[in-house]
Visitor: 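Would you mind keeping the following structure in view while I ask a few things?
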Amino acid sequence: MLDYTPKEMNEREALVVNPAKTCQPIGAMYAALGIHRCLPHSHGSQGCCSYHRMHLTRHYRDPIMASTSSFTEGACVFGGKTNLAKGLENIFNIYNPDIVAVNSTCLSETIGDDIGEIIKDTLPKLPAGKVVIHANTPSYTGSHITGFSNMNKAMVTYLSEAKKESKNETINVLPGFVEPSDMKEIKRILGMMGLSYIMFPDTSGVVNAPMTGRYEMYPEGGTPIQKIVEAGDSALTIALGDFSSKEAAYELEKKCEVPSSVLELPIGVVNTDAFIMRVVEQTGVTVPKELEVERGQLIDLMVDIHNHYHGKKVALYGDPDTVIALTQFIVSLGMVPKYVLTGTPGKAFDKKVKEILLAAGIKDAKVGNALDLMTLHQWIKNDPVDLLIGNTYGKYIARAENIPLVRVGFPILDRVGHSFFPTVGYVGAIRLIEKISTALLDKYDRECPEEDFELVL
Amino acid sequence: MSDFNKIHEKILEKYPSRVLKNRKEHILIKDSGETQEIAANARTVPGIITNRGCCYAGCKGVVVGPIIDMVHIVHGPIGCSYYAWGTRRNKGKAREGGKNFLQYCFSTDMQESDIVFGGEKKLMKAVEEAYEIFKPTAISISATCPVGLIGDDIHQVAKQAQEKLGIPVLAFSCEGYKGVSQSAGHHIANNKLMTDVVGTVDEKQGKYAINLLGEYNIGGDEWEISRVLMKIGYHVVTTMTGNSTYEEIAKAHNADLNLVQCHRSINYIADMIEEKYGMPWLKVNFIGVASMSNALRQMAKYFGDAELMARTEEVIKEETEAVAEEMAQYKEICQGKTAILFVGGSRAHHYQGLLREMGMETVAAGYEFAHRDDYEGRDIIPDIKLDADSRNIEEIKIEKDDQKFRLRMSPERYEELKKEINLSRYDGLIKEMEDGSILVDDLNHYETEVLVKMLKPAFFGSGIKDKFIIQKMGVYSKQMHSYDYSGPYAGYRGALNFARDVSAGIFTPAWKMIVPPWNKEPALKGKVAEKGA
């Protein structure tokens with residue numbers, strides 16, 4: 001397994017090997033699926049749309065619908081205007097969505113198509129009441145997280161409006177690039193607290209839809225367009241995740257004067273506490289007993305089984321917001337993050353992770369952005385860890401080095417559960433602890449000397 | 001009006017006039033009473049939710065990627081290489097002392113500055129770094145959309161790198177926007193393998209040396225086919241390209257027969273090899289027990305050796321007996337069920353025989369990226385009009401190689417054999433199907449929904465993008481590109497695997513649980529007990 005990855009760290013300037021990120025459009029497509037009755041549209045070659053749908057489908061095991069401008073060589077020469085204009089007409093005629101969210105690709109960005117202008121010119125030809133928005137998502141900058149952020153921002157730019165004189169009491173929540181189960185859990189927490197909120201995007205009920213025997217091209221989930229419009233009248237926007245949600249929150253502040261708070265994803269005790277405290281601070285609501293019980297159960301578990309994982313060395317990799325929040329959680333478990341890596345470029349990642357590590361007194365960790373999984377593997381080869389936490393792509397390293405892998409993040413292509421069970425909130429943290437403990441103990445049970453094999457652990 | 005004609009109408013009624021004009025040429029109801037023509041390998045209408053991918057996917061993803069001992073560098077933004085990493089299930093195993101890079105993904109990860117100032121230097125550096133670290137047998141460079149647009153000369157970079165590093169470096173201009181589907185990419189990839197690799201290593205082969213063309217070892221198919229071939233006494237010089245090495249492909253011209261499994265992706269290369277080196281090709285289908293036996297018998301006839309024929313019959317007997325009992329069990333439970341197949345450029349045809357062996361008839365079928373000859377047979381190739389999209393794909397000119405050309409048999413015997421076996425012949429999908437069944441080219445989402453609703457098949461073989469849509473409609477769907485992570489499906493044992501998987505998919509108990517009990521019958525049966533009672 002990965003037999004040709006040398007232990008010596010070679011200087012690589014140009015070659016990326018086993019990436020820890022993918023390109024912008026897939027993130028934009030995922031975000032767009034979180035609007036009710038939205039069809040994402042990829043303005044580029046057929047392959048982009050096909051690859052993004054395939055990848056999201058493999059992760060969610062549910063229909064991922066999106067259309068494409070089907071560029072040919074001719075369209076590259078003459079521009080993609082006709083493809084997009086005709087495409088939009090066909091989409092509304094045949095598939096009848098309420099809204100189409102167009103993302104660009106490296107192709108349409110390189111030839112310089114002005115998608116906003118094309119949409120303006122085409123709108124009069126579309127059925128009345130239909131909406132088209134777009135985000136520029138050049139694949140050669142940032143990552144899928146940037147694409148998600150850009151589409152989230154486009155929702156605000158195109159849709160949100162400050163219609164009323166004064167702000168109402170509603171809180172906007174931008175959940176970031178997380179699972180539908182996570183979005184549902186955040187809504188559950190806000191619901192328990194009795195708050196009025198608007199969450200967008202919201203993919204719960206879209207990419208984890210039930211089997212009913214009837215196929216719905218636009219399932220029940222997703223944020224209604226009207227809600228995104230109304231977000232302009234809310235009292236506050238809580239953006240979860242610097243990399244995936246901040247831009248949309250700032251846009252809402254700029255456009256509609258809705259103040260914003262940017263918090264970490266509510267993974268683990270510290271970050272979930274921070275989320276709830278910010279809500280309490282804003283609204284003055286009392287935290288319900290049930291939520292306090294959930295928190296108490298989590299802390300109880302953290303005390304009870306700390307011996308399963310305390311002091312173990314961990315390599316964390318994946319998307320920046322997820323990994324930053326996980327680092328905080330891992331530290332609070334008494335585990336030691338040794339390598340913390342993201343493929344997405346951004347110095348803010350290093351800064352935030354280093355702050356967390358510094359506060360925990362961890363000095364010799366390697367932290368980096370815009371890096372690949374070959375680098376992570378080489379670090380591990382030089383100084384191993386006890387546990388890997390990240391997406392499915394880590395399974396090659398896990399097997400090569402015989403290190404247990406806890407699958408968290410995007411994508412998870414070889415296990416299920418992520419669509420249904422959250423990692424955010426106190427309940428999500430309990431699930432993460434269960435996974436971490438199980439992974440470590442399964443390895444111990446499989447490999448320990450027979451005389452040390454024990455019934456009770 | 002027959003049900004099938006109704007479906008035809010139902011599909012077309014929703015389309016705006018321009019889409020209707022386009023799509024009706026791609027759909028037909030089989031009628032053996034007339035010569036039927038279908039539109040194929042034509043542009044998909046923008047906005048239509050198609051299953052098709054791009055030229056790059058066909059080139060790097062399908063043809064070049066499976067060569068195991070090469071480092072395949074994708075020149076472009078990160079996504080293109082990332083999505084083609086480990087997702088196609090073309091398996092491979094390193095030869096003794098050799099290398100296998102299938103677990104790796106390589107990219108130049110082009111950034112905005114590369115798009116603005118050009119990416120050639122970065123590409124050259126990436127190739128050098130790949131060589132330094134991995135020491136592969138050869139390196140490939142595949143272009144993605146922006147590369148062609150900004151004018152990076154990947155062929156010049158390849159040439160310089162080859163001179164500098166002393167290993168073959170192959171460049172493929174397979175930008176995603178070229179052609180109309182993956183098919184263009186197959187051509188670009190295969191053309192390069194033909195001009196630069198095949199024929200470069202001479203090595204005399206023993207008896208019964210063959211190549212497997214258009215076989216990609218998905219789920220281990222090639223290993224199962226080769227197991228049977230070797231048992232009979234064949235020697236597989238190379239596969240193109242499943243689990244192949246660079247050097248094996250270079251030796252392809254030394255074999256005595258090309259077997260063509262996937263006609264779509266490689267029939268033109270088989271033609272070229274015949275023209276250049278004198279090696280005939282035989283269209284085979286290794287899917288299904290009967291098809292497999294038929295292919296083996298045709299191969300034996302080709303070599304015309306009594307001993308080989310006897311050995312072939314022996315192996316066929318042994319292998320068919322080993323699977324017969326279990327196959328019969330699956331047939332018993334699947335008998336009378338119907339299927340729809342929409343996949344690739346060959347499998348929608350290949351699997352019909354196997355389904356029939358399970359007692360299942362294919363009532364509708366189509367290809368994602370086929371050309372007209374895949375539907376209508378090779379005879380119509382001269383009649384295919386090249387459109388602008390096809391003309392953009394390079395056609396290479398092949399000439400007889402006087403040094404290496406070798407007739408494998410007398411022209412007379414060749415003509416005689418042609419009457420008996422599928423030498424240079426492929427009759428196409430239309431002929432395979434029953435009258436009244438439906439053929440659809442480049443099937444799209446809307447048409448899929450209509451077909452499932454109206455035909456209510458028990459099984460729909462398609463791809464990952466369709467699978468869960470179809471299943472939400474209550475119909476079992478299997479990915480026929482990746483086999484739902486199972487396989488092999490080729491050969492005798494493969495047929496059994498397929499039949500077992502399909503039976504499990506159709507009969508898994510969950511299908512009967514979709515409707516909750518409270519929606520099946522009145523929930524209130526007795527009086528609700530009074531409070532406190």
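These figures come from a predicted structure and were not determined experimentally. Residue numbers begin at 1 in each chain, while the letters A, B, ... track the order of the sequences.
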Visitor: What I want to find out is whether D109(B) reaches K21(A) closely enough, with some N-O distance under 4.0 Å, to be called a salt bridge.
Guide: yes
Visitor: What part of C105(B) gets within 4.5 angstrom of chain A, counting heavy atoms only: side chain, backbone, both, or neither?
Guide: both
Visitor: What I'd like to find out is whether the side chain of E73(A) reaches to under 4.5 Å of the side chain of D389(B), using heavy atoms alone.
Guide: no
Visitor: Sort out for me which of T57(A), V17(A), N18(A) touches chain B most, counting heavy-atom pairs under 4.5 Å.
Guide: N18(A)
Visitor: State, yes or no, whether a side-chain contact exists between V19(B) and K86(A) at a heavy-atom distance under 4.5 Å.
Guide: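 No, too far: nothing below the 4.5 Å cut-off.
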Visitor: Please classify the contact between F134(B) and chain A as side chain, backbone, both or neither, with a heavy-atom cut-off of under 4.5 Å.
Guide: side chain
Visitor: Quick one: do the Y83(B) and S50(A) side chains pair a donor with an acceptor below 3.5 Å?
Guide: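 Absent: no donor and acceptor within the cut-off.
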Visitor: Report the relative orientation of the aromatic rings in H445(B) and Y95(A); use parallel for angles under 30°, tilted for 30 to 60°, perpendicular for over 60°.
Guide: tilted
Visitor: Compare every heavy atom of C23(A) with every heavy atom of G79(B), then report the nearest pair and how far apart it is.
Guide: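 Looks like CA-SG, 3.7 Å.
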Visitor: Measure distances from Y51(A) to the heavy atoms of chain B and classify the residue's part below 4.5 Å as side chain, backbone, both or neither.
Guide: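 Looking at Y51(A), backbone and side chain both touch chain B.
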Visitor: Stepwise, does the side chain to side chain contact (heavy atoms under 4.5 Å, CB included) test hold for V16(A) with F106(B)?
Guide: CA-CA 6 Å; V16(A) 167; F106(B) 305 94; over 6 Å; no
Visitor: What part of T22(A) gets within 4.5 angstrom of chain B, counting heavy atoms only: side chain, backbone, both, or neither?
Guide: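 Looking at T22(A), backbone and side chain both touch chain B.
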Visitor: Which bit of K135(B) is near chain A, if near means a heavy-atom gap under 4.5 Å: side chain, backbone, both or neither?
Guide: neither
Visitor: Would you say that E129(B) contacts N10(A) through its side chain, given a criterion of any heavy-atom pair below 4.5 Å between the two side chains?
Guide: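 No - every pair of side-chain heavy atoms lies 4.5 Å or more apart.
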Visitor: Heavy-atom distances under 4.5 Å only: say whether I115(B) touches chain A with side chain, backbone, both or neither.
Guide: side chain
Visitor: Out of curiosity, H55(A) NE2 to K465(B) NZ, how far, rounded to the nearest 0.5 Å?
Guide: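 NZ of K465(B) is found 13.5 Å from NE2 of H55(A).
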Visitor: Counting heavy-atom pairs under 4.5 Å to chain B, which of D62(A), L39(A), T141(A) comes out on top?
Guide: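 Highest number of heavy-atom pairs under 4.5 Å: D62(A).
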Visitor: Does A209(A) offer a backbone N or O that forms a donor-acceptor pair with the side chain of K472(B) under 3.5 Å?
Guide: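 Flag set: sc K472(B) to bb A209(A) pair under 3.5 Å.
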Visitor: Measuring from I78(B):CD1 to C106(A):SG, what's the distance to the nearest 0.5 Å?
Guide: 12.0 Å
Visitor: Answer with side chain, backbone, both or neither: which region of S143(A) has an atom nearer than 4.5 Å to a non-hydrogen atom of chain B?
Guide: neither
Visitor: Is there a side-chain contact between K467(B) and R61(A) (heavy atoms, below 4.5 Å)?
Guide: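 Contact flag for K467(B)/R61(A) side chains = no.
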Visitor: Relative to chain A, which segment of I48(B) carries a heavy atom at a distance below 4.5 Å: side chain, backbone, both, or neither?
Guide: both
Visitor: If you take all heavy atoms of Y177(B) and C76(A), which pair is closest and at what distance?
Guide: CG-SG, 3.3 Å
Visitor: Heavy-atom distances under 4.5 Å only: say whether A388(B) touches chain A with side chain, backbone, both or neither.
Guide: neither
Visitor: Contact part of S69(A) toward chain B, heavy-atom cut-off under 4.5 Å: side chain, backbone, both or neither?
Guide: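 Answer is backbone: N, CA, C or O of S69(A) sit under 4.5 Å from chain B.
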Visitor: Which atoms of R52(B) come close to chain A, meaning under 4.5 Å heavy atom to heavy atom: side chain ones, backbone ones, both, or neither?
Guide: both
Visitor: Side chain, backbone, both or neither: which part of D372(A) has a heavy atom under 4.5 Å from chain B?
Guide: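 When you check distances to chain B, no heavy atom of D372(A) falls under 4.5 Å.
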Visitor: As an exercise: rank M374(A), R58(A), R214(A), E11(A) by heavy-atom pairs under 4.5 Å with chain B and give me the winner.
Guide: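 Of the candidates given, the most pairs with chain B belong to R58(A).
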Visitor: Please state whether the side chain, the backbone, both or neither of E175(B) comes within less than 4.5 Å of a heavy atom of chain A.
Guide: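 Interface part for E175(B): neither.
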Visitor: Answer with yes or no after comparing the ring centroid distance for Y393(A) and Y82(B) against a 6.0 Å cut-off, counting only values under it.
Guide: yes
Visitor: Which atoms of T144(B) are under 4.5 Å from chain A, going by heavy atoms: the side chain, the backbone, both sets, or neither?
Guide: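 Neither the backbone nor the side chain of T144(B) comes within 4.5 Å of chain A.
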